S.K.: 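After the structure tokens below, expect a handful of questions from me.
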Number of protein chains: 2
Amino acid sequence: MPDSEYRDIRKLDLFAQMADDNFTSLMRGAYVQNFPAQIELITEGEPSDFLHIVISGSVDLFSAWNGRDTSMATVRPISTFILAATIKDAPYLMSARTLEKSRIALIPSQDVRAIFDADNNFARAIVTELAQCYRSVIKAQKDLKLRTSLERLANYLLRQQRHAGGRAAFELNFEKRRLASVLGMTPENLSRAFKGLQPYGVVVTGTHITIENQADLERFAKPNPLIDDFSA
Amino acid sequence: MPDSEYRDIRKLDLFAQMADDNFTSLMRGAYVQNFPAQIELITEGEPSDFLHIVISGSVDLFSAWNGRDTSMATVRPISTFILAATIKDAPYLMSARTLEKSRIALIPSQDVRAIFDADNNFARAIVTELAQCYRSVIKAQKDLKLRTSLERLANYLLRQQRHAGGRAAFELNFEKRRLASVLGMTPENLSRAFKGLQPYGVVVTGTHITIENQADLERFAKPNPLIDDFSA
DNA sequence: CCGGGTTTTTGATCTGAATCAACCATTCCG
DNA sequence: CGGAATGGTTGATTCAGATCAAAAACCCGG
């Protein structure tokens with residue numbers, strides 16, 4: 001692993017406060033690999049052998065049942081995924097696949113659990129991380145149960161806009177069909193939903209979005225920090 | 001607080017392994033109160049002043065937005081709720097109200113955070129608890145995104161049956177209209193959904209359910225441990 | 001620049017579920 | 001005992017969103 005990556009991982013909240021030699025020993029057992037796009041990294045139901053860290057690229061967490069499937073979340077650099085399964089030594093609840101060419105670090109779960117037992121700062125960091133993850137899912141759940149698909153899209157655009165710097169024009173960083181799955185709708189419906197937001201000043205050109213009337217869109221979307229603020 | 005309650009709380013996974021004097025000091029700052037039914041204990045958006053423990057009765061966690069509201073979960077004795085908000089010192093994401101006359105212990109959040117910093121066993125227990133909570137919400141999310149309302153009801157009945165001992169006949173422990181909200185549908189629809197399960201041998205009389213053809217219902221419901229197994 | 005493959009859009013139709021409205025059952029209380 | 005709440009069911013209608021089918025736009029590799 002290049003030194004710069006090593007340092008980037010070290011800087012993650014999860015690892016920042018832990019003892020040097022514990023971090024080193026975690027990393028010693030880690031694999032780093034490049035994967036092409038569309039590779040299934042893990043499959044739901046399997047034992048959680050590795051904690052994964054996305055170093056570059058992006059990863060889709062999804063789940064399937066009875067012939068249907070749905071996108072649960074997208075992981076972007078630099079962050080970890082399936083921490084809860086690793087800690088509980090329980091089967092994965094979601095599958096993961098690369099969306100694009102991605103570089104992934106794999107840390108054996110048993111190493112994570114061992115260091116978790118030994119390093120109190122690491123254990124504390126895990127608490128914070130899990131609390132964060134938990135709250136994010138609750139927000140997603142609220143988004144899903146309390147809003148229509150049009151409202152979900154409107155709020156998604158506002159979030160993405162903020163994330164991209166807050167200017168009126170910005171890029172979607174998803175393929176539309178995956179965005180549809182994330183938002184819990186079909187691609188056809190997403191296409192129509194974009195149309196449905198035109199009256200509120202949303203202009204779509206490919207992956208390029210322009211919000212021509214911020215106030216109008218916000219009046220419709222009614223964004224709420226208890227649902228949309230990912231940091232809090 | 002009566003001694004028996006004190007010992008019951010102590011036995012919770014969350015507190016079982018922590019040092020005696022830390023537990024004692026947590027409990028010293030705690031209030032225990034009896035609440036009537038339908039009292040709003042906490043309101044989403046407010047700062048998380050207390051970690052709550054349901055000693056008896058039951059509590060509904062729900063959330064509202066733009067005039068709609070939805071039931072997120074039900075907490076039954078003996079367990080805690082809003083641990084994540086307490087730990088992160090962040091606002092509640094959900095409101096809570098008693099469903100029936102309930103006895104609730106309130107532990108000041110700052111005490112919890114202080115002991116969390118001081119007691120490593122407690123910190124570890126919190127990790128396990130949060131990982132469990134996280135996985136539960138992910139399962140709920142999958143249930144919601146991957147299943148129709150009829151399928152959700154069928155699987156709910158199977159879970160409840162198992163929970164009640166596995167016999168063909170058992171009681172719903174919810175009011176139907178709240179069950180509807182939990183399952184993400186309207187009361188009218190729930191009523192019709194029960195009808196819709198008749199062909200699979202489900203007989204409903206008030207809150208009394210009989211599953212006359214277990215195999216048929218399971219064939220339809222396709223229960224899956226990665227969604228329905230609450231313990232794993 | 002062409003051709004074959006995606007992804008996206010559009011249109012038509014169908015369906016699950018919400019809504020609206022009325023009705024029934026029960027409980028609870030003066 | 002009557003009658004007002006409350007919770008539950010039923011029926012009719014509406015609506016959001018899924019599905020099916022096909023056209024259009026896009027993206028590359030050759």
Side-chain angles (χ1 to χ4, degrees), chain A residues 36-38 60 64-71 97 99-101 143-157 171-199 202-209 220-221, chain B residues 36-38 60 64-71 97 99-101 143-157 171-199 202-209 220-221:
Chain A
Q38 305 301 336
D60 182 34
W65 178 80
N66 197 25
R68 294 161 225 166
D69 66 71
T70 187
S71 211
R97 79 185 137 218
L99 289 168
E100 53 193 306
K101 198 165 159 308
D143 192 43
L144 209 57
K145 285 185 91 172
L146 291 168
R147 289 171 170 164
T148 67
S149 59
L150 201 58
E151 289 164 345
R152 287 200 297 278
L153 176 59
N155 281 292
Y156 172 81
L157 291 178
E171 297 291 318
L172 286 180
N173 54 3
F174 277 145
E175 219 177 337
K176 283 186 186 163
R177 70 148 136 175
R178 261 188 17 81
L179 176 56
S181 183
V182 169
L183 295 177
M185 56 177 121
T186 58
E188 294 96 322
N189 225 336
L190 176 62
S191 185
R192 284 182 249 270
F194 274 120
K195 286 259 162 74
L197 290 180
Q198 274 176 15
V202 174
V203 176
V204 185
T205 319
T207 65
H208 189 78
I209 308 288
F220 170 74
Chain B
Q38 305 301 336
D60 183 33
W65 177 82
N66 196 26
R68 295 162 222 167
D69 66 70
T70 187
S71 211
R97 81 185 135 217
L99 289 168
E100 53 191 307
K101 197 164 159 309
D143 192 43
L144 209 57
K145 285 185 89 172
L146 291 168
R147 288 171 170 164
T148 66
S149 59
L150 202 58
E151 289 164 346
R152 287 200 297 278
L153 176 59
N155 281 292
Y156 172 81
L157 291 178
E171 297 291 318
L172 286 180
N173 54 4
F174 276 147
E175 226 177 331
K176 283 186 187 165
R177 68 150 136 175
R178 261 190 14 83
L179 176 57
S181 184
V182 170
L183 295 177
M185 56 178 122
T186 58
E188 293 96 322
N189 225 336
L190 175 62
S191 186
R192 285 183 249 270
F194 274 120
K195 285 261 162 72
L197 290 180
Q198 274 176 15
V202 174
V203 176
V204 185
T205 320
T207 65
H208 190 79
I209 308 288
F220 169 73

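Keep in mind that this is a model prediction, so the values were computed, not measured.
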S.K.: Go along nucleotides 21-30 of chain D 5' to 3' and tag each nucleotide: B for a protein heavy atom under 4.0 Å from its base, S when only backbone or sugar atoms are that close, - otherwise.
M.R.: ----------
S.K.: Do B:Asn66 and B:Arg68 come close enough that some side-chain heavy atom pair is under 4.5 Å?
M.R.: yes
S.K.: In whole Å, I'd like the distance from the CG atom of B:Leu99 to the C1' atom of D:dG7.
M.R.: 15 Å
S.K.: Take the protein atom NZ of B:Lys176 and the nucleotide atom C1' of C:dT26, then report the distance between them rounded to whole Å.
M.R.: 13 Å
S.K.: How long is the line joining CD of B:Glu175 and C1' of C:dT26, in whole Å?
M.R.: 13 Å
S.K.: Could you pull out all residues at least two apart from B:Val182 that satisfy side chain to side chain contact (heavy atoms under 4.5 Å, CB included)?
M.R.: B:Ser71, B:Phe174, B:Arg178
S.K.: Provide a list of protein-nucleic acid N or O atom pairs under 3.5 angstrom, restricted to nucleotides 14-18 of chain D.
M.R.:
unit_1 : atom_1 : unit_2   : atom_2 : d
D:dG17 : OP1    : A:Ser149 : N      : 2.9
D:dG17 : OP1    : A:Ser149 : OG     : 3.1
D:dG17 : OP2    : A:Ser149 : OG     : 2.8
D:dA18 : OP2    : A:Thr186 : N      : 3.3
D:dA18 : OP2    : A:Thr186 : OG1    : 3.2
D:dA18 : OP2    : A:Asn189 : ND2    : 2.4

S.K.: Measure from CD1 on B:Ile209 to C1' on D:dG8 and round the result to the nearest Å.
M.R.: 13 Å
S.K.: Given atom CD of A:Glu151 and atom P of C:dA18, what is their separation to the nearest angstrom?
M.R.: 15 Å
S.K.: Rounded to the nearest angstrom, tell me the gap between atom CG in B:Leu190 and atom C1' in D:dG7.
M.R.: 12 Å
S.K.: Who passes side chain to side chain contact (heavy atoms under 4.5 Å, CB included) against A:Gln198, sequence neighbours left out?
M.R.: A:Lys195
S.K.: Return a table of donor-acceptor pairs under 3.5 angstrom between the side chains of residues 185-194 of chain B and protein atoms on other chains or two or more places apart.
M.R.:
unit_1   : atom_1 : unit_2   : atom_2 : d
B:Thr186 : OG1    : B:Asn189 : N      : 3.3

S.K.: For B:Ala37, enumerate each residue passing the side chain to side chain contact (heavy atoms under 4.5 Å, CB included) test, keeping only those at least two apart in sequence or located in another chain.
M.R.: none
S.K.: Does any part of the side chain of B:Leu157, heavy atoms only, come nearer than 4.5 Å to the side chain of B:Leu172, both counted from C-beta?
M.R.: yes
S.K.: Figure out the CZ/C1' separation between A:Arg177 and C:dT9, and round it to whole Å.
M.R.: 15 Å
S.K.: State which residues pass ring pair (Phe, Tyr, Trp, His ring centres under 6.0 Å) with A:Phe220; sequence neighbours excluded, sorted by chain then number.
M.R.: A:Tyr200
S.K.: Can you name the residues that form a side-chain hydrogen bond (donor to acceptor under 3.5 Å, both in side chains) with A:Asp143, not counting sequence neighbours?
M.R.: A:Arg147
S.K.: Tell me: CZ of A:Phe174 to P of C:dT7, nearest whole Å?
M.R.: 15 Å
S.K.: Could I get the full list of salt bridge (charged side-chain N to carboxylate O under 4.0 Å, His left out) partners for B:Glu175, not counting sequence neighbours?
M.R.: B:Arg177
